[in-house]
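Heads up: the structure comes next, in structure tokens.
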Amino acid sequence: MRKAILLGIISSFFFAFTFILNKSMEVSGGSWIWSGVLRYAFMLPLLFIMVSIRGEFGQVLKDIKETPVQSTVGFGFFYAPICLAAVYAPSWIVAGILLSPLFFKTVETENGVIRERLKIPKRPLIMSLIILFGIFLIQIQDMNIGESSKGFKGIIFVIIAAFSYPLGNRKMMEGCGERLNTVQRVFGMTLCSMPFWIILSIYGTLTVGLPGKAQIIQSIIVALCSGVIATLLFFKATDMVKSDPNKLAIIEATQCGEVIFTVLGGVLILNDTLPTIVGWSGLLLVVIGMILNSTISNK
């Protein structure tokens, strides 16, 4: 479990590149549409090379027909809102813990094997609420009355992404079982989400034109750091605990570390102002919540 938590935290560090560079692209005039499209356009060939070298491409194609919708939800409905949220708000959370009742586990009883609906784990939920409150403080630290509408729009897009990512990931794990490894699963989800990105790219070409050179370069960095490295690490961590809904919720909560890395990265790379007392309080709550989550998992 400790290894899974460590992988989750490391993945949150690489995921933070998404929010830092998306904000950079937004500030420099790049469209959120191309921030999303280019990430997955560059991810696809990188992952294709990885599965082809290992001779695993055929198995992915065999399983693809069973899970195309989950891939579009997990990647398309996750990352497009994230890029759009960069216009309004820099951070997000994974809300997978609230999705537990949508899934089942098999239980052996005296009357045979039955399917039992999962329940929301209470202790990880309490820790997640502490983290959520900390993120809320970070988000509102600089928000004034004139910007409140803009901030709440960002929160809406963040919420959509926060539910879509774990929903797609959990559905893929449930549908694929042990047939696909982590690299195969990420490649399959990327490939199946391509129709969504193609449609969005056509819309982007007609409305905002083609992306600039700077946005293309930054998108390559995002694709490598967040799309490949971070996603593979996070999916590997969730694979390690997928049979235990409590531990799975804890691993998903490690992604809140992105908030910490994003704030610090914004200060160091983008010259953002240091957090206010309210912002530092929010960061402290996020750290406390993550530590308590880890303590719960060890017990």
Side-chain angles (χ1 to χ4, degrees), residues 11 14-51 60 64 67-92 94 153-154 156-169 172 183 185-232 234-235 255 258 262 270:
S11 72
F14 285 100
F15 270 130
F17 282 87
T18 293
F19 309 105
I20 295 171
L21 293 179
N22 278 358
K23 182 179 179 181
S24 175
M25 287 185 271
E26 176 62 31
V27 171
S28 61
S31 170
W32 66 270
I33 295 174
W34 291 113
S35 296
V37 170
L38 291 175
R39 164 173 164 165
Y40 286 93
F42 290 126
M43 275 180 63
L44 187 63
L46 293 173
L47 293 168
F48 173 74
I49 292 173
M50 294 175 69
V51 297
V60 176
I64 268 180
T67 53
V69 176
Q70 290 94 310
S71 301
T72 301
V73 171
F75 280 175
F77 293 167
F78 146 67
Y79 198 64
I82 280 296
C83 294
L84 186 53
V87 181
Y88 306 101
S91 60
W92 65 287
V94 175
K153 286 181 181 178
I156 291 174
F157 294 125
V158 165
I159 290 174
I160 294 173
F163 279 95
S164 297
Y165 192 57
L167 178 60
N169 182 33
M172 282 292 293
V183 178
R185 186 153 56 88
V186 176
F187 171 69
M189 291 181 70
T190 302
L191 182 61
C192 289
S193 69
M194 279 299 119
F196 176 87
W197 299 116
I198 291 173
I199 294 172
L200 191 60
S201 67
I202 295 173
Y203 174 75
T205 302
L206 296 176
T207 56
V208 299
L210 296 175
K213 181 179 178 180
Q215 187 168 21
I216 292 175
I217 294 174
Q218 291 183 82
S219 295
I220 293 175
I221 299 174
V222 172
L224 179 60
C225 292
S226 298
V228 177
I229 298 176
T231 304
L232 290 177
F234 176 65
F235 276 30
Q255 296 311 288
E258 297 163 17
T262 299
L270 302 179

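We're numbering straight along the sequence, starting at 1. Scope of the values below: all heavy atoms of this structure, side chains included, with no hydrogens, waters or symmetry mates.
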Exercise for the section: Could you check if a side-chain atom of W34 sits within less than 4.5 angstrom of a side-chain atom of L210, using non-hydrogen atoms only? Expected result: yes
Practice task
To the nearest 0.5 Å, tell me how far M43 CE sits from L224 CG.
Solution key: 10.5 Å
Practice task
Check whether any side-chain heavy atom of L200 lies under 4.5 Å from a side-chain heavy atom of W32, and answer yes or no.
Solution key: yes
Problem - Shortest non-hydrogen contact between A41 and M194, atoms and distance - result: N-CE, 4.3 Å
Practice task
Indicate yes or no: at least one non-hydrogen side-chain atom of F187 is less than 4.5 angstrom from one of L232.
Solution key: no
Completion exercise
Interatomic distance, CG@L38 vs CD1@I33, rounded to 0.5 Å, equals 11.0 Å
Exercise for the section: Of all the heavy-atom pairs spanning P195 and L191, show the shortest one and how long it is. Expected result: CD-O, 4.0 Å
Completion exercise
Tightest non-hydrogen contact, residues V60 and G188, listed as CG1-CA, 3.7 Å
Handout entry: Plane angle bin for W197 and Y40 - parallel if under 30°, tilted between 30 and 60°, otherwise perpendicular
Key = parallel
Problem - Closest contact, heavy atoms only, C225 versus F14 - result: O-CB, 3.3 Å
Completion exercise
Distance col, row Q215:CD vs L21:CG, nearest 0.5 angstrom, shows 11.0 Å
Completion exercise
The reported gap from CZ in F48 to OG1 in T190 (rounded to nearest 0.5 angstrom) is 13.5 Å
Handout entry: Nearest non-hydrogen partners of S226 and A230, listed with the distance
Key = O-CB, 3.4 Å
Completion exercise
In short, F42 meets A223 closest at the heavy-atom pair CB-CB, 3.6 Å
Practice task
Spell out, as yes or no, whether a donor-acceptor pair under 3.5 Å connects the side chain of T231 to the backbone of G227.
Solution key: yes
